[in-house]
Each structure stands twice: as structure tokens, then as C-alpha cells.
2 protein chains.
Amino acid sequence: MKRRNTPSKQAVLSVITKAGKAMSQDAIEEEIAIDINRATIYRVLNRFCDDGVLHKVMAEDGKQYFALCETYDTKAATHQHFHFKCTKCDTVECLPNQVNFSIPDGYLVESVNCVLTGVCKNCS
Amino acid sequence: MKRRNTPSKQAVLSVITKAGKAMSQDAIEEEIAIDINRATIYRVLNRFCDDGVLHKVMAEDGKQYFALCETYDTKAATHQHFHFKCTKCDTVECLPNQVNFSIPDGYLVESVNCVLTGVCKNCS
DNA sequence: ATTACTAATGCGATTTATTTGCAATAATTT
DNA sequence: AAATTATTGCAAATAAATCGCATTAGTAAT
């Protein structure tokens with residue numbers, strides 16, 4: 001299944017890149033220049049995740065936020081960094097901090113979802 | 001608003017205590033002996049959270065899981081431990097590991113939600 | 001250029017998790 | 001036993017995310 005280059009994909013990626021933060025579908029729809037259907041935005045986002053372009057963060061508000069994968073992120077060490085969700089401006093940003101943990105034997109960790117919630121630098 | 005002791009509260013707390021894990025509303029409804037309405041379960045759970053009896057974990061599947069607060073947990077240092085969600089048995093458990101992080105100046109952290117997803121000891 | 005192939009899109013409907021309004025019920029205090 | 005009001009059940013409402021399906025439009029081959 002070869003991927004195609006479409007205006008929707010370009011627009012979504014452009015918005016997220018410009019924001020420099022993790023964004024939810026509705027935030028993207030608000031910011032985006034062209035008119036794209038909600039379902040399409042979700043499909044574009046999920047495809048980008050599959051392709052390792054974006055990563056998904058589940059915040060405490062139960063919403064998915066999507067952020068650019070840094071180039072140094074490998075498939076193996078997947079995005080084990082903290083995220084910060086601001087309750088004031090409602091944005092999610094990737095923090096430089098890596099998540100360190102050691103789990104008991106027998107556990108197999110497939111993904112890490114760490115979100116700190118509070119008030120960000122800009123809003124405090 | 002003084003709290004009252006009701007069969008619903010007792011039943012919900014009993015199920016969670018017996019499980020020794022974090023549980024979602026539907027898992028609780030499945031396990032519970034008496035017949036309690038879905039909305040009631042949610043209200044009971046949220047009240048317990050308000051009262052510091054339970055804490056809420058948002059998993060990657062977008063569902064809320066509720067777990068007992070250990071007695072040594074204080075309001076201040078709120079539940080900064082890791083959680084593990086198993087994709088096989090679909091349960092969430094509290095890990096003993098504390099979450100350590102240092103955030104840049106200007107950020108105010110109000111809550112921490114860290115969930116590792118994978119396969120647990122029992123299922124692997 | 002034109003055609004063929006099929007990924008991507010739009011739309012509407014659906015699913016799933018959680019909450020809410022409101023009237024009825026029941027725990028607790030007097 | 002009566003009064004007060006927290007709690008519950010039920011149905012409906014929200015809200016996020018997904019899905020089926022017919023249509024559109026990239027892409028590669030001719």
C-alpha cells in the first residue's frame with residue numbers, strides 16, 4: 001500500500017510542524033487553512049503514526065494528541081519522553097526529559113504514555 | 001455535603017479492593033455482585049476520587065481506570081507512580097516504581113499520568 | 001496525453017466512554 | 001416517625017474516534 005501525496009496530508013503536517021506541539025484533531029481542524037473532513041484528519045494522523053512520522057499521546061482529558069517524531073527517535077526506543085499538557089491553553093508539548101523506569105521481570109513494555117498536567121511556562 | 005454509606009459504594013470498593021488492580025467502569029460492572037446502574041458506578045468512582053480513596057488513570061485506550069490509593073499517599077505527592085496496562089488481560093496495575101522527573105522552571109505540575117502498555121507478568 | 005489502478009476523501013451513521021437532568025429512593029439526623 | 005438531602009435509576013445528551021461506501025484523485029504505465 002504505497003502512500004500518496006495529498007493536500008490533506010501536507011496541510012495537517014504543516015499545521016503540526018508550525019505549532020511545534022502535539023495537537024488534537026479539533027485543534028488541527030481549527031488551525032488548518034483548507035477544509036478537511038474530520039474523519040480524514042483522523043485517518044491522516046493515524047497513517048502518519050503508522051509511518052513513524054507522528055506519535056500519539058493520550059492525555060488525561062481522554063483525547064489523543066499528535067506530535068512530530070524527532071528524527072533521532074528510533075522505532076525501538078519509541079518516544080520515551082514526558083509530555084506536558086497545559087490546562088490553561090490546552091496544548092500538549094513534548095518535554096526533553098526522557099522517561100526512566102525499570103519494570104519487574106516478566107513484563108514486556110510496548111509503549112510508554114507519560115503526561116504531566118498543569119500550567120505551562122507561557123500561561124503561568 | 002456529607003457522604004452516605006450505601007450498598008453501591010460498598011460493592012464498588014469491594015470489587016476494586018479484591019481485584020488489587022485499577023479497574024474500568026465496565027470491568028467493575030462485570031465483576032460486581034449487585035446490579036448497579038452505569039451512571040451510578042461512575043458517580044461513585046468519581047466521588048471516591050474526590051475523597052482521595054481512589055485515583056484515576058487514563059490509559060492509552062482512552063478509558064479511565066480506578067485504583068485504590070495507598071494509605072501513604074498524601075494529597076501533595078499524588079500518585080506519582082507508574083501504571084502498567086496489559087493488552088492481553090486488559091487490566092491496569094499500579095507499579096511500585098515512582099515517577100521521577102524534573103521540569104523546566106515556570107511549569108506547574110498538578111497531576112501525573114504515566115502508563116506503560118504491554119504484556120504483564122501473568123500473560124507472558 | 002490517456003488509461004488503469006487503487007489510495008485517499010467526504011459524508012453520514014455508528015460505536016464507545018462518560019456525563020447530565022430529573023424524578024424517585026433511601027441514608028442519616030432530629 | 002418525620003424531615004432533610006445525598007444517592008440512585010433511567011433515559012437522553014455529549015464527545016471522541018471509527019467505519020462503510022460511493023466518489024475523487026494521485027501515480028504509474030501505456
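Sequence lines set the chain letters: A, B, ... in the order given, protein chains first and strands last, and positions in each chain run from 1.
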For nucleotides 6-8 of chain D, give me every protein contact, N/O to N/O, under 3.5 Å, one pair per line with atom names.
from	atom 1	to	atom 2	distance (Å)
D/dA6	O4'	B/Arg4	NE	3.1
D/dA6	O4'	B/Arg4	NH2	3.3
D/dA6	O3'	B/Lys2	O	3.3
D/dA6	N3	B/Arg4	NH1	3.1
D/dT7	OP1	B/Arg4	N	2.9
D/dT8	OP1	B/Thr6	OG1	2.7
D/dT8	OP1	B/Ser8	OG	3.1
D/dT8	OP2	B/Arg47	NH1	3.3
D/dT8	OP2	B/Arg47	NH2	3.1

Audit row: B/His83, B/His55, side chain to side chain contact (heavy atoms under 4.5 Å, CB included) steps and yes/no: CA-CA 12 Å; B/His83 295 88; B/His55 62 284; 3.2 Å; yes
Sugar-phosphate, base or nothing in reach of B/Gln64, heavy atoms under 4.0 Å: sugar-phosphate
Parallel, tilted or perpendicular: rings of A/Tyr107 and B/Phe84 (30°, 60°): perpendicular
Closest non-hydrogen atom pair between A/Met58 and A/Val115, with its separation: O-CG2, 3.5 Å
Nucleotide interval of DNA chain C bounded by contacts with chain B (heavy-atom cut-off, under 4.0 Å): C/dA17 to C/dT28
Donor-acceptor side-chain pairing of B/Lys56 and B/Asn46 below 3.5 angstrom: yes
Greater than 12 external heavy atoms within 6.0 Å of A/Arg38's CZ: no
Side-chain N,O (A/Tyr42) to OP1/OP2 (D/dA17) below 4.0 Å: yes
Sugar-phosphate, base or nothing in reach of A/Asp35, heavy atoms under 4.0 Å: sugar-phosphate
Connected via hydrophobic side-chain network under 4.5 Å: A/Leu45 and A/Tyr65: no
Interatomic distance, B/Lys63 NZ vs D/dA16 C1' [rounded to whole Å]: 15 Å
Atom-pair distance (CG on A/Asn46; C1' on D/dA17), nearest Å: 9 Å
From CA spacing to verdict: side chain to side chain contact (heavy atoms under 4.5 Å, CB included), B/Phe101, A/Leu95: CA-CA 10 Å; B/Phe101 59 88; A/Leu95 295 178; over 6 Å; no
Atom-pair distance (CG on A/Leu45; P on D/dC19), nearest Å: 15 Å
Closest-nucleotide 5' rank along DNA chain C - winner of A/Ile41 and A/Arg38: A/Ile41
Between CG on residue A/Leu13 and CZ on residue A/Phe48, distance to nearest 0.5 Å: 4.5 Å
